[in-house]
Amino acid sequence: QRHLPPQTWTNSINQANKMALLAWAKETGIDLVQINGQRRYGGPPPGWVGDPPPVGTEVFIGKLPQDMYENALIPLFQSVGKLYEFRLMMTFSGLNRGFAYAKYSNRRGAKEAIAAFNNFEVREGCAIVVCKSTEKCELSLDGLAISVSQQELEAMLRQVTEGVLSITLYASPCQKQAQLAVLKYSSHQAAAMAKKTLMEGNMRLGGVEMRVDWLNPDLKQKLQSCKEKPPSSRVQGSKCLGVPKQAPLSPVLHNALDHLNTLCQRQYLGTPVFLTKCIQANPNGWLRFWCRVVIPGCPVPFSGFTWVRQDGPGRSGHEEAKVAVALQVLRMLGES
């Protein structure tokens, strides 16, 4: 029995429709880009000016014939509104996986697509499903070792995924002596790509295998009913962490800014520049900041998250965040 090489075998599947797709793309000038199991048009399309469309402009398309491609689907879905992006999920053999996403330039286009094409027969006997896309942007990453810091997790995620906006650590509600991270991404596409990468890569951090999934609404509510874990604290075994305790500032912490400035001057590294952004405020007075310290003589900036508490009325917390992140940088440099 003769076995075909894998590439020859995959090329031979659905060859007529693949050739029709190539001819259509050449004739229309439409550029299709395939990355990690999905083929994409647009995002943005040629000539697009301005920000991406808002939430509520994307539809999910299901029950597609697996041998149907963009040369049939894009003209169909463009007939009811201007497409910003079209994503067709693909198998390694070149067949589609039976579903796709179409993002329109406005919400009206998405509504028109649902009205026109839900239960529409793209072929005789092949009715497709078209509904509003949930556009999930949050993942849960469970099973993290309690020794893993927010900085370590952020560094790993930025190496293997794109578009991560925030990382929030909680005590795992399912496992003892473990952490759960909630990862928020810039878009549903970025989150879906991150989920695929993390699942297929069997990622490990601290020697422990992590489990990734879409953030379940019930789990999200349960986590929000617990107090969020400050990055510097450790899980004490309880399923809900208590309110972060305000520790008195040590002389080292008070002098961290001066110490860092002095160190940089002594090493001829230039004056540190601090960027701080408050991304969360808890009712108990705790503020969560994203911070970045740029030192001219260092090739890579220091980035991370920190918790601080407003020190007196009229204070924004930015100065406290600068002090806290300066101390973290000093620790990284072995100076504290």
Side-chain angles (χ1 to χ4, degrees), residues 21 24-62 64 69-90 96 99-118 120 128 130-139 154 157-158 160-168 182-197 214-215 275-281 289-292 294 301 303:
L21 172 66
W24 171 81
K26 185 176 181 180
E27 180 184 344
T28 59
I30 282 180
D31 188 25
L32 300 175
V33 179
Q34 184 162 338
I35 302 175
N36 290 341
Q38 60 177 282
R39 197 159 59 204
R40 187 181 71 192
Y41 157 74
W48 180 271
V49 177
D51 295 329
V55 172
T57 55
E58 186 174 80
V59 298
F60 168 81
I61 308 158
L64 287 171
Y69 297 130
E70 291 89 343
N71 55 316
L73 295 170
I74 287 178
L76 178 67
F77 282 88
Q78 268 186 335
S79 67
V80 295
K82 180 176 175 59
L83 282 176
Y84 173 80
E85 182 181 65
F86 189 91
R87 294 183 290 127
L88 183 63
M89 305 301 119
M90 303 298 296
N96 77 61
F99 67 99
Y101 296 90
K103 183 183 280 286
Y104 286 87
S105 60
N106 53 49
R107 293 189 179 98
R108 182 178 178 180
K111 290 179 181 178
E112 292 286 345
I114 294 169
F117 301 129
N118 188 38
F120 175 79
I128 60 173
V130 180
C131 59
K132 184 179 177 182
S133 171
T134 54
E135 298 189 61
K136 299 174 184 177
C137 296
E138 292 180 304
L139 303 175
E154 181 188 7
L157 290 171
R158 293 197 184 282
V160 298
T161 72
E162 294 182 358
V164 61
L165 295 180
S166 66
I167 302 165
T168 309
V182 172
L183 317 176
K184 186 170 184 179
Y185 282 83
S186 58
S187 66
H188 174 73
Q189 182 183 353
M193 296 297 287
K195 180 175 179 286
K196 186 175 189 296
T197 299
W214 293 112
L215 180 60
L275 305 173
T276 58
K277 182 179 181 180
C278 184
I279 59 174
Q280 185 177 348
F289 279 82
W290 171 85
C291 306
R292 173 167 287 178
V294 180
S303 299

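Here the structure is a predicted model, which is why all the values come from computation and not from measurement. Atom set for the values below is all heavy atoms of this structure, side chains included, hydrogens, waters and symmetry mates excluded.
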Trainee: Using side-chain heavy atoms (C-beta onward) and a distance below 4.5 Å, is E70 in contact with I30?
Mentor: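 No. Closest side-chain heavy atoms not under 4.5 Å.
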Trainee: Are I61 and F86 close enough that some pair of their side-chain heavy atoms sits under 4.5 Å apart?
Mentor: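 Yes, at least one pair of side-chain atoms sits under 4.5 Å.
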Trainee: Could you tell me the separation between the OG1 atom of T57 and the CG atom of L83, rounded to the nearest 0.5 Å?
Mentor: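 The distance works out to 10.5 Å.
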Trainee: Any side-chain heavy-atom pair from K132 and I114 closer than 4.5 angstrom?
Mentor: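 The answer is yes; the side chains approach within 4.5 Å.
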Trainee: Grab the two heavy atoms, one from A191 and one from K136, that are nearest each other, plus how far apart they are.
Mentor: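 Nearest pair, atom of A191 first, then K136: CB-O, 3.9 Å.
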Trainee: Just verifying a value: how many Å separate S166 OG and E138 CD, rounded to the nearest 0.5 Å?
Mentor: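 Reported to 0.5 Å precision, the distance equals 7.0 Å.
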Trainee: Would you call K184 and V182 a side-chain contact if the rule is heavy atoms closer than 4.5 Å?
Mentor: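 No, too far: nothing below the 4.5 Å cut-off.
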Trainee: What's the shortest heavy-atom distance between E58 and A110, and which atoms?
Mentor: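 Smallest heavy-atom distance, with atoms named: N-CB, 4.4 Å.
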Trainee: Specify the closest pair of heavy atoms between P53 and S105, including all atoms of both residues, with the distance to one decimal.
Mentor: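 Taking every non-hydrogen atom into account, CB-O, 3.8 Å.
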Trainee: Check step by step if side-chain contact (heavy atoms from CB on, under 4.5 Å) holds for L139 and Y185.
Mentor: CA-CA 8 Å; L139 303 175; Y185 282 83; 3.9 Å; yes
Trainee: Can you find a pair of side-chain heavy atoms, one from Q189 and one from K103, that are under 4.5 Å apart?
Mentor: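 Side chain of Q189 against side chain of K103, heavy atoms only: no contact under 4.5 Å found.
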Trainee: So which heavy atom on T276 is nearest to which on C291, and how close?
Mentor: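 Nearest pair, atom of T276 first, then C291: CG2-SG, 4.0 Å.
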Trainee: Any heavy-atom pair between the side chains of T161 and M193 that's under 4.5 Å?
Mentor: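 In short, these two side chains do not touch, never coming nearer than 4.5 Å.
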Trainee: Show the nearest heavy-atom pair for residues N96 and Y69, with the distance to one decimal.
Mentor: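 Closest approach of N96 to Y69, heavy atoms only: N-CE2, 4.3 Å.
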Trainee: Classify the ring geometry between Y84 and W48 as parallel (under 30°), tilted (30 to 60°) or perpendicular (over 60°).
Mentor: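 Geometry flag for W48 against Y84: perpendicular rings.
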Trainee: So how far is it from L183 CG to K195 NZ, rounded to the nearest 0.5 Å?
Mentor: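 Atom-to-atom, L183:CG and K195:NZ are 12.5 Å apart.
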Trainee: Just how far is it from atom OH of Y101 to atom CG of L88, taken to the nearest 0.5 Å?
Mentor: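 Rounded to the nearest 0.5 Å, the OH-CG separation comes out at 11.5 Å.
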Trainee: Quick one: CZ on F77 to CD1 on I128, what's the gap to the nearest 0.5 Å?
Mentor: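 Answer for the CZ-CD1 pair, F77 versus I128, is 4.0 Å.
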Trainee: A side-chain contact here means heavy atoms from C-beta on lying under 4.5 Å apart; do H188 and R87 qualify?
Mentor: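 Yes; the side chains approach each other to less than 4.5 Å.
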Trainee: Which distance, rounded to the nearest 0.5 Å, do you find between the OG1 of T168 and the CG of L215?
Mentor: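 Output value for this atom pair is 10.0 Å.
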Trainee: Do L21 and L32 have side chains that approach each other closer than 4.5 Å (heavy atoms only, starting at C-beta)?
Mentor: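 The answer is yes; the side chains approach within 4.5 Å.
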Trainee: Taking all non-hydrogen atoms of both residues, which atom of S187 and which atom of C137 are closest, and how far apart?
Mentor: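 The answer is C-SG, 3.6 Å.
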